[in-house]
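Single-structure report; data block below.
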Amino acid sequence: MTTDRAVTKPGGIAGTATIVADIAIVGGGLAGSLAAAVLARAGHRVALVDKRAVHPEEFRVEKIGGQQLDMFRKLGFLDALANVACRYDQVLNIREGKVVDVSIGQAYGLPYANLVAMARSQLPDRSSLIVDEVTAISCSDDVQHIELASGKRLDARLVVLATGMASALGYKLGIRRRVLAEHHSVSFGFTIARKDGAPFDFEALTCYGERTGDGIDYLSLFPVPSGMRANLFMFRDPTDPIMRELRREPEATVLRLLPGLRPYLGDFRVTDKVQNWVMDLTVVEGHLQPGIVLIGDAFQTNCPAAGTGVARLLVDVDRLCTEYAPRWLASAGMGNEKISQFYSDPDKVAADERSLKMARFRQALTSRSDIGWDVRRRFHFLRRSLTHRVDQMHPGWLGRVRGALRA
């Protein structure tokens with residue numbers, strides 16, 4: 001029988017202790033914290049190990065919407081998410097200063113640190129969080145041994161690596177990252193406000209790039225508790241001088257790159273530090289090992305512009321924590337034959353493949369200048385604009401057509 005509390009017992013070395021759990025999760029970001037909460041609420045002994053008691057502010061996931069909300073609801077986190085985030089239901093989509101269409105649907109905006117804190121708050125027993133650093137992992141077909149910087153040891157039947165893009169532990173285990181696309185995309189995050197203190201005239205807004213040479217996919221504006229958040233996604237050389245200009249003079253640079261934004265923003269200012277990061281598309285190799293499984297970015301990275309990262313993460317958490325891990329724990333052993341079931345799960349494989357496909361599509365749609373992609377880009381936005389106009393003349397028709405096609 002399992003419980004939601006890790007058990008500490010005296011170790012064989014003076015001054016040390018061994019913590020015993022069913023599942024040890026290494027990495028307390030969004031993937032690890034969600035997985036820990038799902039498993040602990042199901043009654044498993046869970047140990048979530050992270051270096052920090054409170055996750056730091058960093059520029060990562062900042063908005064949740066669409067099918068991601070269905071997954072949050074399925075996993076039992078939607079109410080908790082709604083309590084700490086800003087909800088919005090309509091996004092105005094523009095290009096070259098003109099309305100492309102309007103997206104209707106429930107979505108939420110919040111800082112990544114708040115998202116992680118929400119996930120951790122769902123742990124039935126907060127002592128499941130161990131503030132420490134993992135220095136080594138020894139895996140086998142039976143019990144996995146984890147060495148902690150404090151000198152303690154953690155024993156568990158299954159280890160879940162949710163360490164994001166950090167690869168030190170994986171490297172020690174012989175797990176390597178294969179780069180699929182170096183410097184695939186660059187993302188910027190900052191908060192804006194009107195200088196006169198008035199609210200913006202939109203609930204949320206997406207402005208798409210106007211020229212292929214600029215390498216801009218889109219700028220997304222959406223509410224968070226601290227104001228109006230801006231996420232800018234680009235496919236451009238990270239050493240380009242424009243990157244420095246965006247950090248030093250973000251207001252002027254954004255309007256120079258996206259002049260159609262000016263009527264919608266008015267006289268605005270950036271109210272906090274401009275954050276940015278460069279994303280490589282990578283996937284791990286040598287990861288099939290007894291007693292250990294990788295989820296989220298620890299397994300495969302995503303293009304932020306494609307918006308598939310959280311969806312992939314949630315599929316990993318759902319399939320591992322509601323299907324495979326409980327079944328594995330019900331019988332002896334934790335060999336490769338069990339671990340391989342997760343990596344070959346059809347839903348996981350589909351989510352991983354869809355993520356890479358969307359990453360390449362967004363880059364091509366944004367940056368490719370050959371005639372084929374130019375025609376495809378024009379048709380993409382024309383189709384959306386025409387659909388929006390018809391829906392304005394005949395409200396609800398699109399929903400009825402989609403419903404009929406699904407029937």
Side-chain angles (χ1 to χ4, degrees), residues 59-66 68 88 90-105 107 109 183-192 200 202-224 228-238 240 242-243 245-246 250-251 253-265 268 270 274-279 281 302-311 355 357-369 373-374 376-385 387-388:
F59 177 37
R60 289 289 185 268
V61 180
E62 297 186 332
K63 57 181 178 178
I64 305 292
Q68 298 166 359
Y88 58 100
Q90 180 173 292
V91 181
L92 181 66
N93 302 304
I94 66 170
R95 186 169 185 258
E96 298 179 340
K98 301 175 182 178
V99 175
V100 176
D101 56 16
V102 178
S103 302
I104 304 296
H183 300 162
H184 175 77
S185 62
V186 184
S187 306
F188 287 84
F190 48 92
T191 307
I192 66 172
F200 290 100
F202 52 83
E203 191 175 7
L205 181 145
T206 298
C207 180
Y208 293 95
E210 301 182 12
R211 298 171 294 268
T212 56
D214 292 334
I216 295 177
D217 193 347
Y218 60 93
L219 173 73
S220 176
L221 299 169
F222 53 94
V224 296
M228 185 65 71
R229 189 66 175 166
N231 286 179
L232 176 63
F233 302 106
M234 308 177 69
F235 298 101
R236 196 156 173 167
D237 187 340
D240 192 295
I242 197 70
M243 306 301 166
E245 294 173 31
L246 279 164
E251 298 93 344
T253 307
V254 165
L255 290 179
R256 187 171 78 250
L257 293 171
L258 298 167
L261 261 179
R262 191 179 298 272
Y264 297 89
L265 296 187
F268 77 101
V270 173
V274 177
Q275 302 169 290
N276 78 286
W277 52 294
V278 179
M279 177 60 76
L281 291 183
N302 315 273
C303 172
T308 56
V310 175
S355 178
K357 181 179 179 180
M358 283 300 299
R360 295 176 177 122
F361 171 76
R362 293 306 317 179
Q363 183 182 44
L365 189 68
T366 299
S367 306
R368 290 278 295 272
S369 57
W373 276 99
D374 183 59
R376 189 169 182 176
R377 184 164 41 248
R378 291 174 184 274
F379 177 75
H380 173 81
F381 287 105
L382 178 61
R383 174 183 55 79
R384 289 179 56 175
S385 180
T387 300
H388 174 61

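Numbers for residues simply follow the sequence, beginning at 1. Just so we're clear, the structure is a prediction, and the values are computed from it rather than from any experiment.
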Contacts satisfying salt bridge (charged side-chain N to carboxylate O under 4.0 Å, His left out) that involve residues 91-104 (not counting sequence neighbours) are Asp101-Arg384
According to the salt bridge (charged side-chain N to carboxylate O under 4.0 Å, His left out) rule, which pairs have a member within residues 208-221, sequence neighbours left out? Arg211-Asp214, Asp217-Arg362
Qualifying residues under side-chain hydrogen bond (donor to acceptor under 3.5 Å, both in side chains), relative to [X], sequence neighbours excluded:
X: Ser367; answer: none
X: Arg376; answer: none
X: Gln363; answer: none
X: Arg262; answer: none

In a check of side chain to side chain contact (heavy atoms under 4.5 Å, CB included) between Leu205 and each of Val91, Leu92, Asn93, which one passes? Leu92
Can you name the one residue among Leu219, Thr253, Leu221, Val274 that meets side chain to side chain contact (heavy atoms under 4.5 Å, CB included) with Leu232? Leu219
What residues, two or more places apart in sequence or in another chain, satisfy salt bridge (Lys or Arg N to Asp or Glu O under 4.0 Å) together with [X]?
X: Arg383; result: none
X: Asp237; result: none
X: Glu62; result: Arg229

Between [X] and [Y], is any pair of side-chain heavy atoms under 4.5 Å apart?
X: Ile192; Y: Val254; answer: no
X: Phe235; Y: Cys303; answer: yes
X: Tyr218; Y: Thr366; answer: no
X: Phe188; Y: Pro250; answer: no
X: Asn276; Y: Met243; answer: no

Using ring-ring contact (aromatic ring centres under 6.0 Å, His included) as the criterion, list what pairs up with [X], not counting sequence neighbours.
X: Phe222; result: none
X: Phe200; result: Phe202
X: Phe381; result: Tyr208

Apply side chain to side chain contact (heavy atoms under 4.5 Å, CB included) to residues Val100 and His388 and explain how you reach the verdict. CA-CA 7 Å; Val100 176; His388 174 61; over 6 Å; no
Please test Thr212 against Asp374 for side chain to side chain contact (heavy atoms under 4.5 Å, CB included), starting from the C-alpha separation and ending with a verdict. CA-CA 9 Å; Thr212 56; Asp374 183 59; 5.7 Å; no
Atom CD of Glu245 and atom CG of Asp240: how far apart are they, to the nearest 0.5 Å? 8.0 Å
